[in-house]
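These notes are about the structure you will find just below.
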Amino acid sequence: MVETILRSAVRVQEYLVQLRAMTSPEGLMEQQKEQVSLEHLAEGWKRTGQSLCGAKQVEFICSSVPPISLWVYPAALDRAVTNLLDNAVRYTPAGGKVVLNILLEEKQVKLSVEDTGPGFSAAALVRGGQPFFTSDASRPQEGHLGMGLFGAAQTAKQHGGSLHLSNTSQGAKVELNLPVTNMRE
């Protein structure tokens with residue numbers, strides 16, 4: 001029981017740090033944009049995706065990555081993509097698939113995560129990026145506090161981009177779009 005209490009306390013602490021970073025203008029001001037290789041960022045996302053999927057017997061696929069460098073808030077972007085991967089794996093049944101696509105289209109990087117889970121409810125498609133939204137009955141709620149998609153949406157906004165939720169014929173899709181400025185190929 002002590003271990004369970006400790007894990008819960010650590011999780012609450014992580015959520016509070018995340019909430020403060022997402023909602024506080026000072027949180028962003030403390031961070032510095034850095035020029036980072038997209039391939040370098042994607043290596044971490046691939047490891048995370050493989051680890052999460054492997055633990056649940058879900059297939060993980062990652063597209064090729066454009067060889068460019070971007071000016072980003074690396075920790076915030078990493079946290080957002082990691083959360084999208086975690087959500088996708090959480091809602092994908094064993095034997096399913098999670099796909100991370102990283103595309104460069106017309107001066108915009110499109111990071112999308114697709115899964116073969118139940119997809120989003122109509123309410124989640126409208127309100128999924130709002131803070132603390134958790135009433136999506138089509139997806140299990142255990143341990144879900146409704147901050148992940150909100151955090152990803154805030155990260156997209158901090159970078160001048162956007163977050164879009166949709167359903168595919170096989171499951172859910174979340175796309176994080178980032179404008180590319182001062183890109184180096």
Side-chain angles (χ1 to χ4, degrees), residues 7 10-11 14-15 18 36-70 72 74-105 108-129 133-156 159 161-178 180:
R7 277 195 309 271
V10 168
R11 185 178 172 106
E14 290 171 355
Y15 274 116
Q18 189 177 24
V36 183
S37 160
L38 185 56
E39 292 169 304
H40 175 74
L41 289 169
E43 282 304 313
W45 302 333
K46 286 178 192 178
R47 284 191 302 273
T48 297
Q50 290 166 343
S51 175
L52 291 168
C53 286
K56 194 172 174 185
Q57 299 176 347
V58 169
E59 180 183 6
F60 177 72
I61 299 170
C62 184
S63 70
S64 59
V65 181
I68 62 170
S69 291
L70 304 171
V72 296
L77 184 57
D78 187 55
R79 186 171 45 250
V81 174
T82 296
N83 181 269
L84 299 181
L85 291 169
D86 183 56
N87 284 347
V89 173
R90 181 181 304 163
Y91 301 123
T92 300
K97 179 171 48 175
V98 171
V99 179
L100 171 62
N101 285 307
I102 305 169
L103 305 170
L104 176 62
E105 293 181 2
Q108 198 172 58
V109 171
K110 296 184 177 218
L111 304 165
S112 68
V113 177
E114 297 182 47
D115 65 51
T116 56
F120 291 109
S121 69
L125 288 171
V126 174
R127 298 182 53 217
F133 176 75
T134 62
S135 64
D136 188 352
S138 70
R139 292 163 87 88
Q141 298 299 310
E142 67 229 22
H144 179 62
L145 297 178
M147 292 175 51
L149 289 176
F150 171 68
Q154 291 299 107
T155 297
H159 287 88
S162 60
L163 185 78
H164 300 282
L165 308 180
S166 61
N167 287 322
T168 67
S169 61
Q170 297 182 351
K173 178 179 180 178
V174 181
E175 185 173 271
L176 189 122
N177 298 313
L178 305 172
V180 177

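Scanning all heavy atoms of the two residues, the minimum distance from Pro93 to Gly117 falls at CD-CA, 4.0 Å. The shortest heavy-atom contact between Leu77 and Leu176 is CD1-CD2, 3.7 Å. Annotation for Val72 and Pro74: closest pair O-CD, 3.0 Å, computed over non-hydrogen atoms.
Rounding to the nearest 0.5 Å gives a distance of 8.5 Å between CG of Leu38 and OG of Ser69. The distance from atom CG of Asn87 to atom CG of Asp115, rounded to the nearest 0.5 Å, is 9.0 Å. Rounding to the nearest 0.5 Å gives a distance of 7.0 Å between CG of Asn167 and CZ of Phe120. Glu114 contributes atom CD, which lies 9.0 Å from atom CD of Glu175 (distance to the nearest 0.5 angstrom). In this structure, the separation between NZ on Lys46 and CG on Leu85 is 12.5 Å, given to the nearest 0.5 Å. One distance of note links OG1 of Thr48 with CD of Glu43; it measures 11.0 Å at 0.5 Å rounding.
Between Leu84 and Trp45, the closest side-chain pair of non-hydrogen atoms is not below 4.5 Å. With a 4.5 Å cut-off on side-chain heavy atoms, Val98 and Thr116 do not count as touching. Two residues are said to be in side-chain contact when any heavy atoms from C-beta on lie closer than 4.5 Å; Asn177 and Val109 fail this criterion. Within the 4.5 Å cutoff, no side-chain heavy atoms of Thr155 are placed close to those of Leu178. Between Val113 and Val99 there is no side-chain heavy-atom pair separated by less than 4.5 Å.
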Problem - Step-by-step side chain to side chain contact (heavy atoms under 4.5 Å, CB included) determination, Leu163 to Val174 - result: CA-CA 7 Å; Leu163 185 78; Val174 181; 3.5 Å; yes
Exercise for the section: Evaluate side chain to side chain contact (heavy atoms under 4.5 Å, CB included) for Val81 paired with Leu111, printing each intermediate quantity in order. Expected result: CA-CA 8 Å; Val81 174; Leu111 304 165; 3.9 Å; yes
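Looking at residues two or more places apart in sequence or on another chain, you find a side-chain hydrogen bond (donor to acceptor under 3.5 Å, both in side chains) between Ser162 and His164.
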For residues 53-68, dump all side-chain donor-acceptor pairs below 3.5 Å to protein atoms at least two apart in sequence or in another chain.
residue	atom	partner	partner atom	Å
Lys56	NZ	Val89	O	2.9
Lys56	NZ	Arg90	O	3.0
Lys56	NZ	Thr92	O	2.7
Ser63	OG	Ile102	N	2.8

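A distance-only check finds no donor-acceptor pair linking the side chain of Ser51 to the backbone of Arg47 [under 3.5 Å].
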